[in-house]
Amino acid sequence: MRFHTRKWVKPEDLNANGTLFGGRLLEWIDEEAALYTIIQLENQKVVTKYMSEIDFKASAKQGDIIEIGIDVVKFGNASLTLSCEVRNKMTRETIITISNIVMVNVGPDGKAKPHGKTQIEYVVDRLK
């Protein structure tokens, strides 16, 4: 799992119990999945189609630093399926896992568009 993004849990991210609000965490995950997909597919028009079971394993509290990890599960014709793990940066304790997040590449008409990609590409390799 490659951990790309870190977030600092602030007061505005907390629920009534004083722990990280699940909806805020899902917002962060959705944004990270979109950014990852945009970079991989080289298209700014992508949408979230599906998220599999979301497994909350632990919580986070104010002041914690969490990190969001994304891995590619598979490339589809017009989609990219990702997995995600979020963990506490300091303790390495897993906070949440999502096995499948399906992101779809779309064209100007808003409909699914084949992307032609079959494997992970790194920006550094594109620059050679």
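Only a predicted model underlies this, so the values are computations on that prediction, with no experimental measurement involved.
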Count the heavy atoms of every other residue, nucleotide or ligand shown that sit under 6.0 Å from CD of E12, and state whether that count exceeds 12.
yes

Would you mind checking if R2 and E67 are paired as a salt bridge, meaning a charged N to carboxylate O distance below 4.0 Å?
no

Applying side-chain contact (heavy atoms from CB on, under 4.5 Å) to L80 and V46, what does each step give before you reach the verdict?
CA-CA 10 Å; L80 182 60; V46 300; over 6 Å; no

Within the distance-only criterion (no hydrogens, no angle test), does the side chain of E32 pair as donor or acceptor with the backbone N or O of G69 below 3.5 angstrom?
no

Rounded to the nearest 0.5 Å, the CG atom of L41 sits from the CE atom of M103 at a distance of 9.0 Å

Taking 4.0 angstrom as the limit, do D13 and K10 come out as a salt bridge?
no

For V106, the option from K45, K113, Q44 that meets side-chain contact (heavy atoms from CB on, under 4.5 Å)
K45

First locate atom CG of N15, then atom CZ of R24, and finally report the distance between them rounded to the nearest 0.5 Å.
11.0 Å

Is I101 reachable from I95 through a run of I, L, V, M, F, W or Y residues, each pair having side-chain heavy atoms under 4.5 Å apart?
yes

Hey, could you give me the SG/CD1 distance between C84 and I98, rounded to the nearest 0.5 Å?
5.0 Å

Considering non-hydrogen atoms only, spot the tightest contact between H115 and F75 and give its length.
CE1-CD2, 4.0 Å

Shared hydrophobic cluster for W28 and V86 (ILVMFWY, side-chain gaps under 4.5 Å)
yes

